[in-house]
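Accompanying notes for the structure given below.
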Amino acid sequence: MEVYDDIRFFKDDEVQTVLQSAVRHPMIKTLFQYTFPDKSDDEIKDIVTRCTSINEFQREVISKTVTRVIDTTSAGMTSSGFDELDTNTSYLYISNHRDIVLDTSLLNLILFEKNLIRTASAIGDNLVQRPFVNMLSKLTRNFIVRRGGSPRETLLSSIKLSDYIFHLLMEENRSVWIAQRQGRTKDGNDHTEQGVLKMIALAAGKKDIANYLNDLKIVPVSISYEYDPTDALKVPELLAKAADQEYVKSENEDFNSIMYGALGQKKHIHIHASKPLEIVKIDGEKTNKTLQRVVDQLDTTIQLNYHLWPTNYVAHDLLHVSRKYSKHYSEHDMAQFERRLRLRVDVEDQMTVTSFLKMYAQPVTNKELLNAE
């Protein structure tokens, strides 16, 4: 067995055989029917099974799936910053994380349209327990992040993951995407976990950490949805956290979040790619201090470039009982958001309402704090 076989995505010479099986799976078949609503089952099977590589599968099938999601569940997607990136260079994209599948799917559609190198993307092993989800993830160039295990097992899997990310970026010239934190942001407060950077830096060995991370060309990415289709699903976890209680996911919670995220209304979407970070080397600085500086750079860059929508400003004003940001939204925007609030949560429960409003208002608060510094 090759060293990365337990976490890697499919190789191109495996793709066609896997697709021959995939087209027969009921759930995957439904996905392909959604992608090609005007095609017969035989026509769809022919399109899919002709693909002989991940690139071809992404181009001929998945890019069309994601485009249809945008067309049917949003008011459109815009992007900025990507034109500043080099089409022949691999980058380590680190983004905020709002949706399990869409974040990386939308990013890769933009990379495809801009002729930039598409990513291999990190996905938690808890999300690929269902065989058909695992199959689809490996067909779309996702690699596995092992969760849980003993401290020794966690360390060993982190070392392997770090080595694999280096291998992809530096030896295969393959861009990589990873979220700034483990799990999605539920409260709208996009912050980077230092542990993510510690894992990435494990492959540096005795190299200077700042120089090593600069070599990886870290590009901060800000992903912004006007409406979060999974907003109501996130509230129970926020309430448990506020009450200092342990939150236990239901059996199908992650899968339901994937489905709601894909098929729920998002209104407008914007994704911004910043320039690669330039991390200053400070002689004698301890690794943790260097990593914390990078965390701060990522947080500042992602939060400042997060595109604010009327929903964010409305939520902030409702939360603070003010009209401070009224120039950023119309009365219609306010009425739409209040209607969504009534439909999604129990408006008689003040804690629930507050949690829902904070989810949308926090990006405004973050920009206020950054602009005050």
Side-chain angles (χ1 to χ4, degrees), residues 77-98 103-122 141 143 161-181 185 190-205 207-224 270-283 285 287-307 366-367 370 373:
M77 179 173 71
T78 53
S79 66
S80 54
F82 291 91
D83 291 335
E84 304 299 315
L85 302 177
D86 183 74
T87 56
N88 297 311
T89 299
S90 61
Y91 297 99
L92 174 55
Y93 296 97
I94 300 182
S95 81
N96 59 330
H97 192 23
R98 297 304 182 89
D103 290 349
T104 182
S105 299
L106 295 171
L107 171 63
N108 273 290
L109 182 64
I110 293 170
L111 298 181
F112 172 67
E113 291 173 345
K114 299 289 184 181
N115 199 32
L116 291 159
I117 296 172
R118 278 167 282 172
T119 71
S121 303
R141 210 178 272 117
F143 57 90
L161 185 61
S162 184
D163 288 341
Y164 188 51
I165 289 171
F166 175 83
H167 167 75
L168 289 168
L169 286 163
M170 308 304 287
E171 296 172 8
E172 293 195 9
N173 199 37
R174 169 61 56 193
S175 289
V176 170
W177 172 88
I178 192 166
Q180 67 179 157
R181 46 164 291 153
T185 299
D190 297 314
H191 279 295
T192 307
E193 292 178 351
Q194 194 186 101
V196 172
L197 290 170
K198 279 184 177 177
M199 179 278 293
I200 291 167
L202 285 172
K207 298 174 189 171
D208 176 77
I209 293 297
N211 289 341
Y212 177 76
L213 293 177
N214 280 329
D215 287 344
L216 300 184
K217 301 178 186 65
I218 296 173
V219 173
V221 175
S222 308
I223 303 174
S224 171
H270 186 80
I271 302 182
H272 177 83
S274 300
K275 293 179 180 178
L277 294 183
E278 294 181 7
I279 303 159
V280 177
K281 177 184 176 181
I282 300 177
D283 290 334
E285 184 177 57
T287 297
N288 276 350
K289 283 219 167 182
T290 303
L291 293 177
Q292 188 54 49
R293 282 197 294 116
V294 181
V295 165
D296 294 341
Q297 276 186 270
L298 279 166
D299 285 354
T300 298
T301 307
I302 289 172
Q303 290 175 16
L304 279 177
N305 290 298
Y306 185 97
H307 186 93
N366 287 344
K367 288 209 184 195
L370 288 169
E373 291 178 356

Taking the side chain as C-beta and beyond, is there a heavy-atom pair between [X] and [Y] under 4.5 Å?
X    : Y    : value
P276 : L85  : yes
L106 : I110 : no
V221 : D103 : no
L213 : I218 : yes
K114 : S79  : yes
N108 : S121 : yes
I279 : Y212 : no

If I compare all heavy atoms of [X] with all of [Y], which pair ends up nearest, and what's the gap?
X    : Y    : value
H191 : Q303 : CE1-NE2, 3.4 Å
K275 : P220 : O-CD, 3.6 Å
T301 : S222 : O-OG, 3.9 Å

Do side-chain atoms of [X] reach the backbone of [Y] as a donor and acceptor pair under 3.5 angstrom?
X    : Y    : answer
D299 : T192 : yes
Y91  : D86  : yes
T119 : S175 : no

Working to the nearest 0.5 angstrom, can you tell me the gap between [X] [atom1] and [Y] [atom2]?
X    : Y    : atom1 : atom2 : value
N88  : L116 : CG    : CG    : 9.5 Å
T87  : N115 : OG1   : CG    : 6.0 Å
L298 : R181 : CG    : CZ    : 14.0 Å
K217 : M170 : NZ    : CE    : 5.5 Å
T104 : R141 : OG1   : CZ    : 10.5 Å
L168 : I117 : CG    : CD1   : 11.5 Å

CA sep, side-chain torsions, deciding dist, call: R293, I282, side chain to side chain contact (heavy atoms under 4.5 Å, CB included): CA-CA 11 Å; R293 282 197 294 116; I282 300 177; 3.7 Å; yes

Sequence-distant partners of Y306, side-chain hydrogen bond (donor to acceptor under 3.5 Å, both in side chains), two or more places apart: R98

Partner residues of T185 under the side-chain hydrogen bond (donor to acceptor under 3.5 Å, both in side chains) criterion, sequence neighbours left out: D190

Residue list, side chain to side chain contact (heavy atoms under 4.5 Å, CB included) with A122, at least two apart or on another chain: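 Counting only residues at least two positions away or on another chain, A122 forms a side chain to side chain contact (heavy atoms under 4.5 Å, CB included) with F143, V145, I178.
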
Qualifying residues under ring pair (Phe, Tyr, Trp, His ring centres under 6.0 Å), relative to H307, sequence neighbours excluded: H270, W309

Residues which pass ring pair (Phe, Tyr, Trp, His ring centres under 6.0 Å) with H167, listed by chain and number, not counting sequence neighbours: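 With neighbours one apart ignored, the set is Y4.
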
D296-T300 side chain donor-acceptor pair, cut-off 3.5 Å: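 Side-chain D/A pair, D296 to T300: absent.
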
E171 CD: over 12 foreign heavy atoms closer than 6.0 Å: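 Result for CD/E171: enclosed.
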
When the side chains of residues 193-204 are checked against the rest of the protein, which donor-acceptor pairs come out under 3.5 Å, sequence neighbours left out?
from	atom 1	to	atom 2	distance (Å)
E193	OE1	Q182	N	3.1
Q194	NE2	Q292	OE1	3.0

